[in-house]
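Basis for what follows: all heavy atoms, side chains included, without hydrogens, waters or symmetry-related copies. First listed ligand is number 1; within each ligand, the first listed atom is number 1.
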Amino acid sequence: MAKQLFECAIDVVNEPDLVKKTDLAMDTARKWLKRQMGKGRYDEQSLPEKPGRPEKPELLPPGQMPKRNLRSVEGRKAHIHALAHIELGAVDLTWDLVARGCGHNLPRSFLDNWVQVGLEEAKHFRLLATRLEELDTFYGAYPAHDGLWQSCAETAHDLLARLAIIPLVLEARGLDITPVMIERTEAVGDLATAKILHTIYNDEKRHVAFGAKWFRYQCDVEHKQPVPTFQALVRQHFRGALKPPFNDKARAAAGLTPSFYKPIASIIG
Ligand SMILES: [Fe+2]
Ligand SMILES: [Fe+2]
């Protein structure tokens, strides 16, 4: 019998070859969204502990990453490489969430939303990996850091924690910094990269919106108040600080209003 969503989502996370990984993500998403596959049988034992990855890039602790200067071509390549690495992390995190979501009693639209996100993260990675090739380099050519999957492992068994940290802290942070990144990339004349960043920014607004929607939904199911629950989960599971400036407009448009994050933001300046 053909594989169903649960198994395919796990295959995406486990696959070390990045062309196959992103192909499989896109193919699974298309089949699921066209209703050509079912949810499949959930099996806790087969959930992946670590994603499959190629031998390169070399992974370094976040503090040891070399500094980048966007004005030099070399610095820009390293920057695009870092973004590609984040998107690859998002591919694995999202398909892990899809697999785990198969084990919860959630509306089908939960899986529809996150499968769509999983498709878009694969697209983002490919756009950036292709851009690296246009610049005569490739994904794997620079060191990268290993922080993202740690958030995944840390929140693996708690759906609310996963939604609080991944879409509502990390992807929301993307909404804060991407417009600035687009401006700087345009300022140095790299319009091709800026165009990719625009695409990513527009998709990521929706990812945060899905996060906010399903966080509220799950709070309701568990009879919890969204704002204090979010703040307690961030304090418990997120080691960094929530740093301003925040893109309040884009965050609020996605349903993440300041009452969630302002009271726990670090005060700067
Ligand atoms: Fe993305
Ligand atoms: Fe995303």
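- Screening Q116, E121, K123 for a side chain to side chain contact (heavy atoms under 4.5 Å, CB included) involving D203 leaves a single residue, K123.
- Ring centers of F110 and F210: at least 6.0 Å apart, outside the cut-off.
- Counting only distances under 2.8 Å, and ignoring water, the protein N, O or S atoms around the Fe ion (ligand 2) are E121 OE2, E171 OE2, E204 OE1, E204 OE2, H207 ND1.
- For E49, the CD atom is loosely surrounded, since the number of other residues' heavy atoms within 6.0 Å does not exceed 12.
- Counting only heavy atoms from C-beta outward, the side chains of D96 and W114 never approach each other to under 4.5 Å.
- Both tests pass for R108 against the ring of W32: distance under 6.0 Å to the centre and angle within 45° of the axis.
- In this structure, Y42 shares a hydrophobic cluster with F6, I10, L47, the cluster being traced through Ile, Leu, Val, Met, Phe, Trp and Tyr side chains under 4.5 angstrom apart.
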